[in-house]
Amino acid sequence: MIIDIGNRREVFWDDYLVDTEATTAALTMHKPVKKEIAYVFDKPWETKIFSYPHYIEWQGECLMYYIAGVPCKQPLRLSKDFNKEVSALKCVCLMKGPDPFHLERPNLGLYEVNGSKDNNVLLQQRCEGDLEEEFDNFYVFIDENPDCPADEKIKALAQQINHSKGFPGFRELWCYTSGDGINFKLGWKLSGADEPFAGLFDSLNTAHYDKEAGVYRMYVRGLHLGYGVAASANETGLVTAEMEKDLAADGIRDIRYMESKDFKTWTVPRQISYNDDYDFPLYTNTVQKYARAPHMYLGFPTRYVERKRWTGNFDQLGGEENVAWRKERMESSPRHGLAVTDAIFMSSRDGFNWHRFPEAFAGAEPEHAHNWVYGDAYFMNNVMETPCEAPEVGTEISLFAKELNREYRMLRHYTLRLDGFASYHADYDVKVLETKPIIYDGSELSINFKTSAIGFMYIDILDETGKPIDGYHSCELFGNTTDRTVYFGDGKDVSALSGRPVKLRFTMRDADIYSFIFRD
């Protein structure tokens, strides 16, 4: 197989480009660096509920949306779903500013909280007829379809509850539309849980328009029954209300894919595919395109792990304050104290087949009073390129993740080097990475790499059979940069091999290669 990469950046997050039989370097995931607390959510409508922050850039402004909860004695008519908060009405809130690091809460004046409309509540849970606008989630994106009407250019997804239907069919996914990102109107139903486990929708669901393919792609939360009493539903295709408890206890959270040409008629959600056979629960997919390599998708889904009973380990986990808080949370539902979460990293080249690292990308850190709990490491659905702390270094990746406190919620800032989610790594013993045959378009090669002081990297351009091509053995490469031009002998011009099938061989000691690009 010959892979035409043109002049796009190629990242080493999987083995797609790699001749695994000729490679001894190891594919290695890298964890983000924890930085400062960016935002504290301590307003009266934010302390009980805070979830799924994400932002869009619209007409020179950054608009960040998130779910909160207005304290109330909730009418029984609302929240038919199990394990839901009963002392707060869910609401969608807005922060805005020039960039994600300088956001403020505007006084929208739309809904009353504690006797005042001076707040940033954009939408609030309500029920009209059989349809309950629950706002368990609310995901906003800009529709890049050139045929999209102006007043629908900004779209949102949200789970609704249909009280005329039984379990689990009452869960439905609907869209909202807006022309300005502030005034949203309820649109139309996108999908329902009438077909067993087609989708359950009650966490972050994401969508975007793929301009190259001319389709909308959506990723939703699903559930499959791999074991336990309710597993019989896989055989019969029937799910009854009596199975509700078994579903909650034995169901395995999953991520599902669906697509549409017009954002109205959708395929039935189906489980995305992975490079492994592990069956651990994943949801809150945070799927997005990677701007530096737009042919790549990435995501930081939450992994949910629930122990089934309290043990002596829980009595020590995180210290006395953590234990007390965990027991408080168990009063609303046992799983709120018995479950813990972390995040993994996954990537894809086609949007359906994914490479994932089973080790934790974030979470699972040294214990303290407010971690190792249900709600840890929920990442914001935005990866951004931002200046490094030392401006001369250039730029880096910034991410945000939710962090919990007994009294309020926060957004923590994390950083990672550009393209640095994974690399092929060599330890002190010399290792080799060899690519499959590729065709490139360009006149020079740039790499994103690092070595130690004693480490090094050499690059050879080979013909498609693996034989070195005279004149294309690089000088010794060492250092740590996201953009190093590679010299072959005294020159850097590789245009003579452009359009011809070749292979690249990286010979490394104590080094990492993150990405490469051929350019003019």
Side-chain angles (χ1 to χ4, degrees), residues 37-56 58 61-81 83-98 100 102-140 154 156 158-161 163 174 176-186 202 204 325 328-329 331-333 336 370 375 378 380 402-411:
I37 293 293
Y39 297 102
V40 173
F41 296 86
D42 56 0
K43 301 300 182 184
W45 56 94
E46 298 169 343
T47 54
K48 290 190 71 67
I49 299 174
F50 169 72
S51 59
Y52 306 136
H54 59 284
Y55 75 86
I56 62 171
W58 181 249
E61 274 194 310
C62 178
L63 305 179
M64 187 175 83
Y65 304 87
Y66 60 96
I67 307 301
V70 176
C72 73
K73 292 183 179 179
Q74 194 170 354
L76 294 177
R77 177 66 170 160
L78 300 180
S79 285
K80 179 179 180 179
D81 211 347
N83 289 328
K84 296 301 179 186
E85 177 65 55
V86 295
S87 59
L89 286 174
K90 293 186 180 70
C91 58
V92 180
C93 294
L94 174 70
M95 295 180 72
K96 57 191 301 189
H102 301 88
L103 301 176
E104 296 183 351
R105 298 172 180 84
N107 287 329
L108 298 176
L110 300 175
Y111 293 91
E112 185 174 303
V113 180
N114 291 348
S116 172
K117 287 190 175 182
D118 291 338
N119 58 65
N120 65 328
V121 176
L122 188 72
L123 294 166
Q124 186 170 289
Q125 183 176 0
R126 66 189 184 122
C127 190
E128 289 189 3
D130 289 323
L131 187 65
E132 176 188 337
E133 296 181 74
E134 188 197 24
F135 299 127
D136 182 62
N137 42 38
F138 194 81
Y139 175 74
V140 182
I154 299 177
Q159 175 185 271
Q160 313 292 4
I161 300 298
H163 288 275
W174 284 65
Y176 287 75
T177 61
S178 174
D180 60 7
I182 295 177
N183 297 287
F184 285 88
K185 63 180 181 179
L186 181 62
D202 60 330
L204 188 69
W325 184 35
E328 286 177 10
R329 300 180 84 194
E331 293 177 4
S332 62
S333 173
H336 288 174
H370 300 107
Y378 278 62
M380 184 168 156
K402 183 175 74 171
E403 195 160 304
L404 283 70
N405 184 294
R406 196 170 183 179
E407 298 178 355
Y408 49 81
R409 307 293 184 258
M410 300 162 283
L411 267 186

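Note that the coordinates shown come from a computational prediction; the quantities given were computed from them, not determined experimentally.
Within the model, atoms CG of Leu411 and CE of Met64 stand 5.5 Å from one another, a figure rounded to the nearest 0.5 Å. Between the CD1 atom of Ile154 and the OG1 atom of Thr177 there is a distance of 10.5 Å, given to the nearest 0.5 Å. From Trp45, atom CH2 reaches atom CG of Asn119 across 5.0 Å, with rounding to the nearest 0.5 Å. With rounding to the nearest 0.5 angstrom, the CG atom of Leu94 is 10.5 Å from the CZ atom of Phe138. From Met380, atom CE reaches atom CG of Leu204 across 11.0 Å, with rounding to the nearest 0.5 Å. To the nearest 0.5 Å, atoms CD1 (Ile56) and OG (Ser178) are separated by 8.0 Å.
A donor atom on one side chain and an acceptor atom on the other are not found under 3.5 Å apart for His370 and Glu403. Asn120 and Tyr66 share a side-chain donor-acceptor pair at under 3.5 Å. Side chain to side chain, Asp180 and Trp58 fail the donor-acceptor criterion of an N or O pair below 3.5 Å. With 3.5 Å as the limit, one finds a donor-acceptor pair spanning the side chains of Tyr176 and Glu133.
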Open item on the list: Leu186 vs Leu131, test: side-chain contact (heavy atoms from CB on, under 4.5 Å). Steps then yes/no.
Closed with: CA-CA 11 Å; Leu186 181 62; Leu131 187 65; 3.9 Å; yes
- [ ] Dump the intermediate steps for side-chain contact (heavy atoms from CB on, under 4.5 Å) on Thr47 and Glu407, then the final yes or no.
- [x] CA-CA 7 Å; Thr47 54; Glu407 298 178 355; over 6 Å; no
- [ ] Check the pair Arg329 / Glu331 against salt bridge (Lys or Arg N to Asp or Glu O under 4.0 Å), numbers first and verdict last.
- [x] CA-CA 5 Å; Arg329 300 180 84 194; Glu331 293 177 4; over 6 Å; no
Task: Chi angles and distances behind the side-chain contact (heavy atoms from CB on, under 4.5 Å) call for Ile182, Leu122 - done: CA-CA 7 Å; Ile182 295 177; Leu122 188 72; 3.8 Å; yes
- [ ] Determine, stepwise, if the pair Glu134 / Gln125 fulfils side chain to side chain donor-acceptor pair (under 3.5 Å).
- [x] CA-CA 5 Å; Glu134 188 197 24; Gln125 183 176 0; 5.3 Å; no
TODO: Evaluate the side-chain contact (heavy atoms from CB on, under 4.5 Å) criterion for residues Gln124 and Val70: first the C-alpha distance (whole Å), next the side-chain angles of each, then the deciding distance (0.1 Å), finally the verdict.
DONE: CA-CA 8 Å; Gln124 186 170 289; Val70 176; 3.5 Å; yes
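Of all heavy-atom pairs between Ala158 and Asn137, the closest is CB-O, 3.3 Å. The minimum heavy-atom distance linking Ala68 with Cys93 is given by the pair CB-SG, 3.8 Å. Here the shortest heavy-atom pairing between Ile161 and Gln159 reads CD1-NE2, 4.0 Å. Counting all heavy atoms, side chain and backbone alike, Gly69 lies closest to Cys91 at N-SG, 3.9 Å. Across all non-hydrogen atoms, the minimal contact from Leu103 to Met95 is O-CE, 3.6 Å. Here the shortest heavy-atom pairing between Asp118 and Asn107 reads C-OD1, 3.4 Å.
Relative ring orientation between Tyr52 and Tyr378 is described as tilted, the plane-to-plane angle lying within the 30° to 60° band.
With respect to the salt-bridge test (charged N to carboxylate O, under 4.0 angstrom), the residues Glu61 and Lys96 qualify.
For the pair Lys90 and Phe135, the cation-pi criterion (under 6.0 Å, within 45° of the ring axis) is not fulfilled.
The backbone N or O of Val140 sits less than 3.5 Å from a side-chain atom of His54, completing a donor-acceptor pair.
Looking at heavy atoms from C-beta onward, Leu404 lies in side-chain contact with Trp325 at the 4.5 angstrom threshold. Counting heavy atoms from C-beta outward, Asp136 and Ile67 have side chains that stay 4.5 Å or more apart.
Taking the centre of each ring, Phe50 and Phe41 come in below the 6.0 Å mark.
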